[in-house]
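As a basis for the values below, the full set of heavy atoms in this structure was taken, side chains included, without hydrogen atoms, waters or symmetry mates.
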Amino acid sequence: MNTKKAYVIGTSVKKSLSPLIFNHWFKKYKIDAKYGYKTIKEKNFNKEIDGVLKEKHLCGINVTTPFKEKIIKKIHKLDRHSKIIGAVNCVTIKNNRHYGINTDWTGFAEAHLNATLEQKAPTKTGGGVVLIGYGGAAKAILYSLSLMGNIYKKN
């Protein structure tokens with residue numbers, strides 16, 4: 001059997017629920033795959049990620065803090081959004097080539113679109129957004145906000 005493998009990678013992933021969630025769905029839908037985690041130390045990133053990316057039957061990785069920007073150097077092809085954002089959180093592997101995308105920005109947009117009107121309404125002081133940080137996820141949220149445009153136009 002050639003069980004496919006996938007991981008979440010980062011410096012602090014031992015408590016991630018991703019393996020539990022993905023393995024549940026693999027089992028439910030009889031997908032021959034195993035999802036785990038790989039803790040990678042920042043100082044050893046290049047060596048450790050090269051080892052992970054060379055693993056036999058690896059089909060993908062989810063990337064979390066602090067490697068969403070650093071992983072780009074290991075990607076053969078980025079989607080247009082990841083190029084603009086400058087961060088990747090999902091890597092698929094096909095024929096020993098690495099393809100990077102960013103789903104953080106769409107996750108933020110979907111959460112925003114599904115919010116109630118009360119949650120979206122600007123305050124009398126003008127509303128707005130305060131974005132703290134400028135890591136990979138923050139860059140994706142900023143990108144998402146820029147695509148939303150002038151949502152809160154004043155009448």
Side-chain angles (χ1 to χ4, degrees), residues 4-26 29 31 33-42 45-46 48-50 52-53 55 58-123 125-155:
K4 292 182 180 182
K5 296 187 290 187
Y7 301 109
V8 57
I9 64 152
T11 55
S12 184
V13 290
K14 288 182 181 177
K15 294 182 182 180
S16 172
L17 294 177
S18 294
L20 180 71
I21 295 166
F22 278 94
N23 287 321
H24 166 79
W25 293 112
F26 290 159
Y29 292 103
I31 298 169
K34 180 84 172 145
Y35 191 102
Y37 67 86
K38 293 278 185 174
T39 300
I40 295 179
K41 295 178 181 165
E42 281 191 75
F45 174 77
N46 286 315
E48 291 184 37
I49 196 63
D50 287 346
V52 170
L53 291 172
E55 284 190 29
L58 181 70
C59 62
I61 58 174
N62 293 111
V63 184
T64 191
T65 305
F67 302 126
K68 292 181 182 189
E69 296 160 302
K70 228 175 187 178
I71 193 72
I72 289 177
K73 293 178 184 171
K74 305 296 179 178
I75 304 297
H76 294 106
K77 184 168 182 176
L78 295 172
D79 75 330
R80 67 185 182 99
H81 305 289
S82 295
K83 286 179 186 176
I84 296 166
I85 295 166
V88 164
N89 70 330
C90 292
V91 178
T92 54
I93 293 96
K94 290 182 183 177
N95 301 320
N96 293 320
R97 296 197 42 89
H98 311 119
Y99 300 88
I101 65 169
N102 188 304
T103 61
D104 288 335
W105 75 274
T106 54
F108 177 82
E110 287 295 320
H112 181 79
L113 291 172
N114 292 325
T116 66
L117 287 176
E118 286 113 20
Q119 291 169 318
K120 289 182 186 180
T123 65
T125 59
V129 174
V130 175
L131 184 60
I132 299 172
Y134 200 64
K139 288 179 179 181
I141 290 169
L142 183 61
Y143 175 71
S144 189
L145 287 167
S146 73
L147 291 179
M148 289 179 193
N150 222 351
I151 297 169
Y152 304 125
K153 291 181 182 174
K154 294 182 179 178
N155 294 334

With sequence neighbours left out, write down each residue that passes ring-ring contact (aromatic ring centres under 6.0 Å, His included) with Y134, or none if nothing qualifies. none
Can you confirm whether D50 is buried at CG, in the sense that more than 12 heavy atoms of other residues, nucleotides or ligands lie under 6.0 Å from that atom? yes
ring-ring contact (aromatic ring centres under 6.0 Å, His included) with Y35: which residues, sequence neighbours excluded? F22
Rounded to the nearest 0.5 Å, what's the gap from CD1 on I85 to CZ on R80? Could you check? 10.5 Å
Mind checking side-chain contact (heavy atoms from CB on, under 4.5 Å) for L131 and listing every partner two or more places apart, or none if nothing turns up? A138, I141, L142
For a 4.5 angstrom cut-off between non-hydrogen side-chain atoms, does P66 reach T11? yes
Exactly one candidate in N62, T64, I49 meets side-chain contact (heavy atoms from CB on, under 4.5 Å) with I9; the answer is I49
Test side-chain contact (heavy atoms from CB on, under 4.5 Å) on T39 and E48; report intermediate values, then the result. CA-CA 9 Å; T39 300; E48 291 184 37; over 6 Å; no
Report the residues that fulfil ring-ring contact (aromatic ring centres under 6.0 Å, His included) with H76, sequence neighbours left out, ordered by chain and then residue number. H98
Rounded to the nearest 0.5 Å, what's the gap from CD1 on I93 to NZ on K4? Could you check? 11.0 Å
Please name the pair of heavy atoms, one in L58 and one in V52, separated by the smallest distance, quoted to 0.1 Å. CD2-O, 3.2 Å
Starting at NZ of K38, measure out to NZ of K5 and round the result to the nearest 0.5 Å. 6.5 Å
Of the non-hydrogen atoms in V8 and S16, which two are nearest, and what is the gap between them? CG1-OG, 3.9 Å
Checking T65 now: which residues fulfil side-chain contact (heavy atoms from CB on, under 4.5 Å) with it, not counting sequence neighbours? none
Examine distances only and state if a side-chain atom of N102 and a backbone atom of D104 form a donor-acceptor pair shorter than 3.5 Å. yes
Just wondering, do K139 and E69 contact through their side chains at under 4.5 Å, heavy atoms? yes
Rounded at 0.5 Å granularity, tell me how far OG in S82 sits from NZ in K77. 12.0 Å
Y37 vs K14, side-chain contact (heavy atoms from CB on, under 4.5 Å): CA-CA, chis, key distance, verdict: CA-CA 7 Å; Y37 67 86; K14 288 182 181 177; 3.5 Å; yes
Mind checking ring-ring contact (aromatic ring centres under 6.0 Å, His included) for H81 and listing every partner two or more places apart, or none if nothing turns up? W105, Y143
State, to 0.1 Å, how close G136 and A87 come at their nearest heavy-atom pair, and which atoms those are. CA-CB, 3.6 Å
For Y99 and D79: C-alpha separation, side-chain torsions, deciding distance, then whether side-chain contact (heavy atoms from CB on, under 4.5 Å) applies. CA-CA 8 Å; Y99 300 88; D79 75 330; over 6 Å; no
Nearest 0.5 angstrom please: N23 CG to S18 OG, how far? 10.0 Å
Identify the heavy atoms of G100 and I75 that sit nearest to each other, and give their distance. N-CG2, 3.5 Å
I need the minimum non-hydrogen distance between F45 and K70, along with the two atoms involved. CD2-CD, 3.7 Å
Might you point out which heavy atoms bring L53 and K74 nearest each other, and give the distance in Å? CD1-CB, 3.8 Å
